[in-house]
Amino acid sequence: MAASNLSPVTVTPSSQLCSSKNGVFAPLQAGMVKSSTINKSAGKGRSLKITCMASSIPADRVPDMGKRELMNLILLGALSLPTAGMLVPYATFFVPPGAGKAGEGTVAKDAIGNDVIASEWLKTHGPGDRTLTQGLKGDPTYLVVENDRTLATYGINAVCTHLGCVVPWNKAENKFVCPCHGSQYNNQGLVVRGPAPLSLALAHADIDDGKVLFVPWVETDFRTGEAPWWA
């Protein structure tokens, strides 16, 4: 009496090529297994070994491939939008105050952080006054009142060109005197005594909608007749 043992297989849509002593053939439904053995016993016993190898299926024959690609695109879009929304605030955090394209300005801020209104400022600051405000990139910048009680068209950056100390205005001597190493600048910020090597930087002081607006100075330095070293 003959008996046969067949190893269990799993039916999948994958195609296979099988080989045996009798040649190579392709079964219609084959399992995703590398080999299967069918043993047939009769009389003294004989065995037949069949080896099957899975072959790949072209992408266009995979069921519902179009739906899968559509779902992948939808998932990618759903993840991209909130991720981009979270990254924008982090990116803007690293942009320095007042940074932007050349020609853009920064509204001057007073000591308590309020916008400087030109008309209000002139009510409390007389001729010859030089008072610190917050200027471009957050640098301390002097707002200058001319002798005719109008605002000067320039602001003076208070950062010393020697080692970066903030230079105070000395009204009695009518000049800026650095307390760190003694550098001195005239009333327009022109260096008159070292060790500071350069004059104080300038910024345009314009009036926009009643507010004082500092704008980068990129033209010739009117005090020296040379190109601005800070531009």
Test Trp217 against every option in Trp229, Tyr154, Phe222 by the ring pair (Phe, Tyr, Trp, His ring centres under 6.0 Å) rule and name the one that passes.
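Looking at Trp229, Tyr154, Phe222, the match for Trp217 under the ring pair (Phe, Tyr, Trp, His ring centres under 6.0 Å) is Phe222.
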With hydrophobic residues grouped by side-chain heavy-atom distances under 4.5 Å, do [X] and [Y] end up in a single group?
X	Y	answer
Ile117	Leu132	no
Val166	Leu200	yes
Ile156	Val215	no
Tyr142	Val145	no
Val177	Val144	no

| task | Assess whether side-chain contact (heavy atoms from CB on, under 4.5 Å) is satisfied between Asp115 and Lys109, documenting all intermediate values. | result | CA-CA 5 Å; Asp115 293 346; Lys109 304 286 186 180; 2.4 Å; yes
- Query: Do Tyr185 and Trp169 make the cut of ring centroids closer than 6.0 angstrom?
  - Reply: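 Not close enough - the centres of the two rings lie 6.0 Å or further apart.
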Can you check whether [X] reaches [Y] side chain to side chain, under 4.5 Å on heavy atoms?
X	Y	answer
Val107	Val212	no
Leu136	Pro216	yes
Thr133	Trp121	yes

TODO: Start with the C-alpha gap between His125 and Thr131, add the side-chain angles, then the distance that decides, and say whether side-chain contact (heavy atoms from CB on, under 4.5 Å) holds.
DONE: CA-CA 8 Å; His125 298 80; Thr131 300; 3.4 Å; yes
Please confirm whether the backbone N or O of [Y] pairs with a side-chain atom of [X], one donor and one acceptor, at under 3.5 Å?
X	Y	answer
Asp221	Gly225	no
Arg130	Leu143	no
Asn186	Leu190	yes

Quick one: pull up [atom1] in [X] and [atom2] in [Y] and give me the separation to the nearest 0.5 Å.
X	Y	atom1	atom2	value
Gln134	Ile112	CD	CD1	12.5 Å
Asp110	Thr124	CG	OG1	9.5 Å
His162	His181	NE2	NE2	5.5 Å
Arg223	Leu202	CZ	CG	3.5 Å
Gln184	Arg193	CD	CZ	5.0 Å
Ile207	Leu151	CD1	CG	5.5 Å

For Asp209, look at atom CG and say whether over 12 heavy atoms of other residues, nucleotides or ligands are found less than 6.0 Å away.
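No, the 6.0 Å shell around CG holds no more than 12 heavy atoms from other groups.
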Atom NZ of residue position Lys211 - does it have more than 12 heavy atoms of other residues, nucleotides or ligands inside 6.0 Å?
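Not more than 12 within 6.0 Å, no.
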Exercise for the section: Return yes when the gap between the SG atoms of Cys180 and Cys165 is under 2.5 Å; return no otherwise. Expected result: yes
Are Asp139 and Thr141 linked by a side-chain donor-acceptor pair shorter than 3.5 Å?
no
For Ala205 and Ala152 the tightest heavy-atom approach is CB-O, 3.6 Å
As a test of understanding, state which of Pro197, Ser183, Ser199 forms a side-chain contact (heavy atoms from CB on, under 4.5 Å) with Thr161.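 Exactly one pass, corresponding to Pro197.
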